[in-house]
Amino acid sequence: MDYATIVDRAVKEFYSVGSNEAHSWLLQVQASPEAWQFVWELLDPSKSGEVQFFAATTLHTKIIKQWDEVPENDYPMLRDYLVKSLKQPNTPKFVLLKLCQAFAAFMVNSYNVAKVEEDTSIVDDLFNALTPTNSQSMLELLLRVLSLLPAECERRRQMCGNSHILVSGWRKTLCCLRLIFSSCDTLTWSPTLMIPGLECTLAWFKTDRLPLEAIGQIYSDLLVMAPHYAPDRSSNSSCSEHERGWEIVQECLIIIVTHRDLNKWPQTLWEWARVLTTTAKEHNTKYFCEVLTAIGETHSREFLIALAGGSNDMTHKQTAADLVELLLECTSQPGRYPTDETRSSIPFGFWYALQDDLATLDQPVDKWALLALKPIYTRLAEALLEKSTLPCRQELSNANEREVFRCYRQDVADTLDYCYKVLQEDLLKMVLERLGRAICNDKSWTDVEASLHAFKALAEAVGSRNVRYVSEMIDAILSYIPYDRYPAEVMATACSALGAFAEWIGEHPDRRLKEVLQFITLGLTKGPAIAPFASMALKDVVRESGNHIKPFALSILDTIRQALPSVAPGSGEALRLMYATGKMLNTLPEELQLTYLDATLGVCIVKVKELLEQPLFVARAGVTSHLKMIVACLSTLEGTIGKVVLDGLIPLFHQIIAHPEWSQDNLTLEAMYLCAQRSLPLLLRPETDARPLLSILTASYKTWPHQGALNLLRHLILLFGRDQDNVIRSVLAEISSITLSGVKACKSVQGDLSDWSDLMEAYLGVLAQICKKNVGLLLQIPDQIPDMLQCGMACLTLPEISTVKIAGSFLSHAIAQTPHMQTFVQPIGQELVSVILHHVVGAATQNHLEPCAEVLFTLNKFYFEWHDVWLRAVFESQSDSAVLPKEYTTHILRERTKKGLCTTLKELSMRCRQKTGLSSNPRNDRTFETLT
C-alpha cells in the first residue's frame with residue numbers, strides 16, 4: 001500500500017473520530033521528505049475535501065519549514081505543479097485558499113534577491129507564473145495570491161521581507177487594483193472581483209512597509225468605492241458582501257489617513273481631508289464617522305489651528321469646519337444608544353484631542369482657537385446632555401446593552417469634563433438652566449437625572465474653587481427637585497452629585513453643609529435603590545468636611561445605627577457606613593464616644609461572637625464580613641478610646657484562636673490580624689496596652705502560620721523596639737523558629753517553597769525591617785541568623801517576583817550591617833555569590849536580575865576584598881570558561897551603580913544562555929549546576 005493511500009485513510013480517521021494517534025502520525029508525515037512526492041496525488045479532484053486540505057496544508061508547511069530540502073534546479077518543476085493545482089477546476093474554496101498561501105510562500109522563498117537591482121519584481125514573477133490573466137477566474141486567483149504575498153514576505157523576512165521588495169512590487173499590484181476599481185460604476189468586470197481586490201489592498205497596507213506616496217495613489221479609488229459599499233446603498237449584491245466590502249474600504253482609508261508620514265505632507269493632508277468631508281456630506285455621514293474620527297484624532301492640532309484662522313489658506317478652515325460639523329452630526333444623531341444607533345460614541349476621542357491641543361498653542365493663536373471652540377463645545381455639550389438621558393426600563397432589557405450604555409454615559413461624563421476646560425462657568429450655567437427647564441416644564445424625569453449626572457461629571461474640574469453656579473446647583477438639588485414625583489434614580493444621582501462635590505462642600509461649609517448632610521442621611525433610609533449612593537456620598541462628605549461636621553455628628557450616627565441592620569454585612573455600603581462612623585465618633589466627647597461605640601462597633605463584635613459558635617462552613621462569610629466592618633471603623637477612628645476598643649476585641653481573638661476550625665481559616669485570620677493592626681494607632685500606651693496581643697500572636701502562629709501574623713509582628717516590633725522588658729524578643733524568636741523549621745521541612749521533602757511564597761515574603765519583610773531599623777534585636781537570637789540567611793538565599797531563586805525582591809532587600813540590609821553581621825555573612829559569602837550567578841544564568845526577566853544586582857552591589861560596597869575572592873572562585877571553578885567568561889569578575893567588581901551592575905548581569909545572562917541554550921524558566925534550569 002502506498003503512502004498516499006495510508007495518508008488518505010489517516011486523514012479520514014482523524015476527521016471522523018478525532019484520533020490523537022492519527023494526528024501525531026500525520027504531523028510526522030508532513031515533516032518527512034517523502035511528502036514532496038505523494039502530496040500531489042492527494043490533491044486529485046477525486047479525493048475528499050479534507051484530504052485535499054491536508055495536502056495543501058502540507059505543501060505550505062513544507063515550503064515554510066523544510067524549504068532547504070528543495071534543490072534550486074527543482075524550483076521550476078515545483079512551481080508548475082503548484083500552478084497546475086491552482087488551476088484545477090472545482091477545487092473547494094478552503095483548499096484553494098490554502099494552495100494560494102502555499103504558492104505565495106513558494107514565490108517568496110524562490111525569489112532571487114539579486115533581482116531587486118533589476119527591473120523585475122516578485123510581483124512580475126507572480127504575473128508570469130499565472131499567465132494568462134485575461135479571464136476573470138485567473139485574475140481572481142492572482143488577487144488571492146497577491147493578498148497572501150505580504151504576509152509570507154514577513155514570514156521570510158530574513159531573506160526577502162524588506163520594504164524595498166514590497167515597494168518594488170507595489171507598482172504593478174497597484175495597476176492591477178486600479179483597473180479593477182475603475183470598473184466600480186460601470187461594472188465592466190464582475191462584482192465578485194471587487195472584494196478580492198479590496199482584500200489584496202488591505203493586506204498590502206497592513207504590512208506597514210509601504211511609504212505614503214505608494215499607498216496614497218489609491219486613495220481616490222477607495223473614496224469612489226466607499227459610497228458603493230456604504231451600508232445604506234441599495235445594491236443587487238448580498239448584504240454580507242456589502243458589509244465585508246465596507247469594512248475593508250473603511251479600514252484601508254483609516255490606514256491611509258493615519259499614516260505616520262502624512263503630517264509631513266500638509267498639502268496632501270488638506271486635499272485628502274477636503275475630498276473625504278465632501279464625500280461624507282454627499283452620502284450618509286454616519287457611515288464615514290470612523291474614518292472622519294481617525295483623520296481628526298491623528299491631525300487634531302492642524303485642524304484646530306485652521307479653525308482658529310492660523311492657516312493662510314481659507315479652504316483649510318472650511319475643511320476643518322466641515323469635519324467638525326460632520327462629527328457633531330455623528331455625536332448627536334437621533335436614537336437611543338446602543339439600541340437604535342451605535343456610532344455616536346465614535347468621535348469621543350476627537351473631542352478630547354481637540355481641547356487637549358488647545359494647551360499646546362502659542363499666543364495669540366490659542367485665544368483664537370478658544371473662541372472658535374466655544375460654540376462647537378456648546379453644541380457638543382447640548383448633544384451629550386440629550387443623548388445621556390436614562391432609558392425607560394423596558395428599553396434596555398438586555399444586561400449587555402445596559403453595561404454598554406453605562407460605559408457610554410461614563411464617556412459622556414469624561415467628554416463633559418473636556419468641555420468644561422473650554423466653556424468654564426458657561427457649562428455649569430447651561431446645566432443649571434437645563435435642570436430648571438426640566439423641572440418647570442414638567443419634562444420627563446430622565447432630563448432631570450441627566451442634568452444631575454452632568455453636574456456630577458464636572459466636580460473634578462471645579463475642585464474646591466468658588467465657582468459661580470455650583471452653589472445654585474446645590475440649592476436646586478436640595479430644595480427644588482420634587483423627588484416624590486420621580487423614580488429613585490433621580491435621588492440616587494443627586495446623592496452621587498453631592499458626593500462628587502464633597503471637596504467643594506468641605507471648603508465652603510457655610511453653603512448649606514447641614515442641608516447636604518440631612519439630604520444624604522435621608523437617602524440612607526430610602527431603600528436599596530438609593531442607600532448605596534447615599535452611603536458613598538456620606539463617606540466623601542465626612543472625609544472632606546473635617547470638624548465642620550461636629551454639630552451634625554449625633555444625628556448622623558443615629559441614622560447610621562438605624563440603617564446598619566438593613567444592609568448586607570461586609571457590603572460596600574456597610575463598610576462605608578462604618579468608615580463614616582469612625583469619622584463621626586472622632587468629633588464626640590469620650591462619654592458619647594463609648595455610647596455610640598457600643599451601638600455600632602459593639603454590635604459587630606457581639607455578632608461575630610455569636611457566629612463563631614456556628615460551624616465554619618455556615619458562618620464563615622458572616623464572620624469575615626463583620627470583621628471587615630470593624631476594620632473600616634478602626635481605619636478612621638482616632639482619640640483616646642483605643643484601649644476600650646482593643647479590650648473588646650481581645651476576647652474575640654481568643655475565641656478564634658482557641659477554636660479547632662476558625663483558628664486555621666485563612667480569611668478569618670487575615671481579618672483578625674488586620675483588626676489588631678488597625679487598633680494599634682489608637683492606643684495611648686501601646687507598650688502596655690498591646691501586650692495581650694503578643695500571646696495571641698504566638699499562639700495563633702503555632703497553630704497556623706499566616707502572613708497576616710507576620711505583618712502584625714512588624715508593627716509590634718516598632719512599638720516594642722525600645723521596651724525595657726524586651727518582651728518582643730521572645731515572640732520574634734518563637735515565630736522565626738517556627739517559620740525556619742517549616743522551610744527546613746519543605747527542603748527535606750524536596751517540596752516547592754513557592755507554595756509558601758506569601759508567607760516567605762512577609763517573613764523576610766520582618767527580617768529586612770529589623771536589619772534596617774533595629775539589628776540589635778536580631779543579634780539577640782544569633783543561633784537563627786545562619787538559617788535566616790539561607791532562607792533569604794532560597795527565596796532569591798523563586799519565580800515569584802515580589803518574594804525575590806524582598807529576599808534581595810533582606811540580604812542587602814543584612815550585609816550592610818557591618819561589623820554586626822560580618823561573622824554570619826562571611827561564612828556563606830561564596831555560596832551566596834554562587835546562588836546569585838546560578839539565578840542570573842537562568843533568570844527570565846529584568847525584574848529577577850534587579851534584586852541580584854542589589855545584593856552583589858552591597859557585597860561590592862562592604863566586602864569588596866572578600867567579594868573579589870568569592871567571584872573568582874566561582875568563575876574559575878567552571879569547566880568551560882567560554883560558557884561563563886572570567887572577565888565578568890572584573891565587570892561586576894568595577895560597577896559603582898546598581899543600574900550598571902544590573903546591565904552587566906543582563907549581558908552575562910544573555911551570553912551564557914546563548915552559549916549553553918539555557919531554558920527561559922529559572923525554576924527548571926539546572927545548567928549552572930553542571931558548570932560548578
Side-chain angles (χ1 to χ4, degrees), residues 714 717 721 732 736 739-740 743 753 760-798 801-841 843 847-875 888-906 908 928:
R714 291 181 66 173
I717 287 172
L732 172 64
S736 178
T739 308
L740 293 173
V743 173
L753 206 56
M760 292 297 97
E761 183 179 341
Y763 174 65
L764 293 173
V766 173
L767 299 183
Q769 176 187 274
I770 295 173
C771 288
K772 187 177 181 181
K773 296 183 178 294
N774 188 7
V775 72
L777 184 60
L778 207 63
L779 295 173
Q780 294 176 20
I781 48 175
D783 56 314
Q784 294 187 22
I785 293 178
D787 290 335
M788 292 175 180
L789 294 172
Q790 289 291 336
C791 178
M793 281 192 284
C795 291
L796 195 61
T797 63
L798 295 179
I801 299 295
S802 57
T803 309
V804 172
K805 286 183 176 180
I806 200 66
S809 176
F810 160 58
L811 291 170
S812 297
H813 284 114
I815 293 166
Q817 289 296 332
T818 55
H820 307 294
M821 296 289 290
Q822 184 172 339
T823 56
F824 302 102
V825 173
Q826 196 166 317
I828 57 99
Q830 185 166 330
E831 181 186 0
L832 176 60
V833 172
S834 178
V835 166
I836 288 174
L837 291 177
H838 169 209
H839 193 51
V840 166
V841 168
N847 290 335
H848 282 93
L849 295 178
E850 289 173 359
C852 295
E854 183 181 7
V855 176
L856 291 180
F857 180 79
T858 312
L859 288 172
N860 271 352
K861 187 174 181 179
F862 293 97
Y863 291 83
F864 183 80
E865 293 183 2
W866 281 101
H867 193 205
D868 185 2
V869 174
W870 296 332
L871 279 170
R872 295 187 188 282
V874 174
F875 275 90
Y888 275 92
T889 302
T890 306
H891 295 339
I892 292 172
L893 290 170
R894 75 183 181 187
E895 289 294 347
R896 292 294 177 264
T897 64
K898 292 179 188 177
K899 185 177 180 180
L901 187 53
C902 190
T903 303
T904 298
L905 295 184
K906 186 176 181 181
L908 174 62
F928 186 88

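Worth knowing before you read on, the calculation uses all heavy atoms, side chains too, and leaves out hydrogens, waters and symmetry mates. What you see is a predicted model; the values in this text were computed from it and never measured. Numbering of residues begins at 1 and proceeds along the displayed sequence.
- Residues satisfying the side chain to side chain donor-acceptor pair (under 3.5 Å) test with Thr739, not counting sequence neighbours, are Tyr701.
- No side-chain donor-acceptor contact under 3.5 Å links His891 to the backbone of Thr904.
- Between Leu849 and Thr903, every side-chain heavy-atom pair lies at or beyond the 4.5 Å cut-off.
- For Ala853, the side-chain contact (heavy atoms from CB on, under 4.5 Å) partners are Leu901, Cys902, Leu905, not counting sequence neighbours.
- Inter-residue side-chain proximity for Thr803 and Leu753 is flagged as unmet; no heavy-atom pair is nearer than 4.5 Å.
- Annotation for Met788 and Tyr763: closest pair CG-OH, 3.5 Å, computed over non-hydrogen atoms.
- Looking at residues two or more places apart in sequence or on another chain, you find a side chain to side chain donor-acceptor pair (under 3.5 Å) between Glu761 and Ser802.
- Val840 and Cys852 get closest at one heavy-atom pair: CG2-CB, 4.3 Å.
- Side-chain contact between Ile815 and Met821: absent, with no pair of heavy atoms (C-beta onward) separated by less than 4.5 Å.
- Here the closest non-hydrogen pair linking Cys791 and Val743 is SG-CG2, 4.1 Å.
- Within the 4.5 Å cutoff, no side-chain heavy atoms of Val869 are placed close to those of Glu865.
- A distance of 9.5 Å separates CG of Leu837 from CG of Leu832, quoted to the nearest 0.5 Å.
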Please output the side-chain donor-acceptor pairs of residues 854-864 that fall under 3.5 Å, not counting sequence neighbours, one pair per line with the distance.
residue	atom	partner	partner atom	Å
Thr858	OG1	Glu854	O	2.8
Asn860	OD1	His867	ND1	2.6
Asn860	ND2	Ile892	O	2.9

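- Rounding to the nearest 0.5 Å gives a distance of 5.0 Å between CD1 of Ile717 and CG of Leu732.
- Scanning for side-chain contact (heavy atoms from CB on, under 4.5 Å) contacts around Gln830 gives Trp870, Ala873, Val874, with sequence neighbours left out.
- Looking at Phe824 and Leu779, their side chains come closer than 4.5 Å, going by heavy atoms from C-beta outward.
- In terms of heavy-atom proximity, Pro782 sits nearest to Pro786 at O-CD, 3.4 Å.
- For the residue pair Gly792 and Leu764, the shortest heavy atom distance occurs at CA-CD2, 4.1 Å.
- Within the structure, the salt bridge (charged side-chain N to carboxylate O under 4.0 Å, His left out) test picks out the following pairs touching residues 762-791 (sequence neighbours left out): Lys744-Asp787.
- Under the rule for a side-chain contact (heavy atoms from CB on, under 4.5 Å), the partners of Asn774 that lie at least two apart in sequence or sit in another chain are Leu777.
- With sequence neighbours excluded, no residue satisfies ring pair (Phe, Tyr, Trp, His ring centres under 6.0 Å) with His813.
- Gln790 pairs by the side chain to side chain donor-acceptor pair (under 3.5 Å) definition with Glu831, not counting sequence neighbours.
- Take Arg714 and apply the side-chain contact (heavy atoms from CB on, under 4.5 Å) test, not counting sequence neighbours, and it matches Val766, Gln769.
- We find the CD-CG distance between Glu895 and Leu893 to be 10.0 Å, quoted to the nearest 0.5 Å.
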